[in-house]
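These notes concern the structure reproduced below.
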Protein chains: 2
Amino acid sequence: MMRLSTKSRYGARLMIDLASHYGKGNILLKDIARRQEISVGYLEHLLPPLKAAGLVTSGRGAHGGYALAKSPSKINLKDIVETMEGSLAPVRCVDNPALCHRTNYCITIDVWKELKENITRTLESITLQDLLGRRKEKLETSLIYNI
Amino acid sequence: MMRLSTKSRYGARLMIDLASHYGKGNILLKDIARRQEISVGYLEHLLPPLKAAGLVTSGRGAHGGYALAKSPSKINLKDIVETMEGSLAPVRCVDNPALCHRTNYCITIDVWKELKENITRTLESITLQDLLGRRKEKLETSLIYNI
DNA sequence: ACTAATCTTATTAGATTAATAGGAATTATA
DNA sequence: TATAATTCCTATTAATCTAATAAGATTAGT
């Protein structure tokens with residue numbers, strides 16, 4: 001069904017949460033879990049790859065927790081989704097043409113490549129900073145209309 | 001992993017095959033299966049939804065087979081992939097916001113909507129006719145360079 | 001030492017996907 | 001009208017992937 005895994009969905013929310021506390025030191029998984037309604041145990045799976053990708057830093061023990069490794073304006077959704085999914089290719093052969101012996105005369109592979117590039121560009125164009133701005137906006141309009 | 005199912009991949013190849021025989025009457029699954037290296041049994045699963053979507057017509061019994069319901073220039077990849085996948089939404093809540101109680105203040109849902117629209121536009125822009133043209137081109141350049 | 005946190009690995013259950021199999025229904029034609 | 005060739009339909013299986021939990025090891029401040 002060409003669906004993002006929950007790793008990506010939760011990963012995005014996790015990173016937005018970290019972004020909204022950027023500059024305030026290490027943030028506890030426990031607190032993120034409460035705010036985002038995701039179990040600590042599940043969050044624990046999301047962080048190692050994000051750390052390996054250089055998107056977050058961590059500290060262990062007391063005063064431990066997580067923080068963004070760089071400013072929210074320097075991290076975009078492509079960074080996050082790509083590390084969570086492993087690849088943005090909608091079809092395996094796009095990353096590894098050797099998988100299919102038809103690659104040489106197959107035209108659909110070119111289309112799937114275009115689709116991947118398009119998805120990549122779209123996600124690249126949205127930074128965590130943008131998302132914080134959007135949230136503020138959404139919150140304000142919902143306050144106006146929902147009270 | 002945000003992958004297209006093989007239904008979409010095979011569906012695209014099936015439809016290109018039909019497009020390349022457009023106007024020549026009904027085409028046998030047996031022949032498509034041979035040319036595309038897909039089992040007849042599997043192809044049989046792909047066709048009912050394509051037929052329901054008004055993209056192909058079929059005839060049973062002797063002289064039976066399948067044909068495009070309209071010209072290759074009038075069918076695009078969005079038509080095909082959407083009927084094969086059921087939806088192009090990368091996240092369920094995009095099609096059905098009621099699934100998640102956070103929809104009202106969630107910002108990521110807006111991003112996933114944008115992603116869906118982007119994927120839709122990309123696939124819409126490529127018709128079966130375009131793909132036939134590309135194949136011709138690819139074949140010619142491969143003849144030049146691979147002999 | 002104690003406590004609170006991240007880190008690591010294993011396991012389970014569930015959902016989805018891919019593919020096959022077998023037979024029913026249909027239709028031109030000999 | 002029998003036959004052969006085809007689409008159509010339903011069930012089943014096997015494999016893969018995903019989501020989520022659990023339990024303990026490691027680390028670091030107090």
Side-chain angles (χ1 to χ4, degrees), chain A residues 1-14 18 21 25-34 36-53 55-69 81 84-87 89-93 99-100, chain B residues 1-14 18 25-34 36-52 55-69 81 84-87 89-93 99-100:
Chain A
M1 259 285 212
M2 184 120 132
R3 290 260 156 83
L4 286 169
S5 67
T6 71
K7 275 176 126 178
S8 286
R9 291 188 285 118
Y10 287 4
R13 275 160 54 191
L14 154 68
L18 284 179
H21 296 86
N26 282 338
I27 308 302
L28 301 184
L29 280 194
K30 195 172 50 177
D31 294 332
I32 300 175
R34 183 176 30 76
Q36 300 299 325
E37 301 172 278
I38 305 170
S39 79
V40 170
Y42 200 76
L43 285 175
E44 280 175 338
H45 286 308
L46 308 183
L47 284 148
L50 289 169
K51 212 181 145 186
L55 301 176
V56 306
T57 58
S58 69
R60 303 176 70 164
H63 287 208
Y66 293 92
L68 289 190
V81 175
M84 292 289 93
E85 300 289 325
S87 161
V91 158
R92 283 177 210 274
C93 61
L99 282 177
C100 175
Chain B
M1 259 288 213
M2 183 118 133
R3 290 260 156 83
L4 285 170
S5 67
T6 72
K7 274 177 126 177
S8 286
R9 292 188 285 118
Y10 287 5
R13 275 161 54 189
L14 154 67
L18 284 179
N26 282 337
I27 308 301
L28 300 184
L29 280 194
K30 195 171 50 176
D31 294 331
I32 299 175
R34 182 174 32 77
Q36 300 299 326
E37 301 172 276
I38 306 170
S39 79
V40 170
Y42 200 76
L43 285 175
E44 280 176 338
H45 285 308
L46 309 183
L47 285 148
L50 290 169
K51 211 182 146 187
L55 300 177
V56 306
T57 58
S58 69
R60 303 176 72 166
H63 284 207
Y66 292 92
L68 290 190
V81 175
M84 293 289 93
E85 299 289 324
S87 161
V91 158
R92 283 178 210 275
C93 61
L99 281 177
C100 176

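On a predicted model such as this, the values are computed, not experimentally measured, just so you know. Note: hydrogens, waters and symmetry copies are ignored here, and every other heavy atom, side chains too, is used. In what follows, chains carry the letters A, B, and so on, assigned in the order in which the sequence lines appear, proteins first and then strands, with residues in each chain numbered from 1.
- Among A:Ile38, A:Leu18, A:Leu46, the one residue that satisfies the side-chain contact (heavy atoms from CB on, under 4.5 Å) test with A:Ile32 is A:Leu18.
- Residues A:Glu44 and A:Tyr10 each lie close to DNA chain D; by heavy-atom proximity, the contact nearer the 5' end of the strand is made by A:Tyr10.
- Closest approach of B:Arg3 to A:Ala89, counting heavy atoms only: NE-O, 3.2 Å.
- Contact record, B:Ser58 with B:Lys51: OG-NZ, 2.9 Å, taken as the closest heavy-atom pair.
- The shortest heavy-atom contact between B:Ala67 and B:Asn26 is CB-OD1, 3.9 Å.
- Closest to the side chain of A:Ser58, out of D:dC8, D:dG29, C:dT6, is C:dT6.
- The side chain of A:Arg92 places an N or O atom within less than 4.0 Å of a non-bridging phosphate oxygen (OP1 or OP2) of D:dC17.
- Atom pair B:His45:NE2 and C:dT16:C1' shows a separation of 15 Å (rounding to whole Å applied).
- A:Lys30 has a side-chain polar atom (N or O) that falls below the 4.0 Å cut-off from OP1 or OP2 of C:dA5.
- Mapped onto DNA chain D by nearest heavy atom, A:Arg60 and A:Tyr42 fall at different nucleotides, with A:Tyr42 at the one closer to the 5' end.
- The shortest distance between the side-chain N/O atoms of A:Lys51 and the OP1/OP2 oxygens of C:dT6 is not below 4.0 Å.
- Of the side-chain N and O atoms in B:Thr6, none sit less than 4.0 angstrom from OP1 or OP2 of C:dT17.
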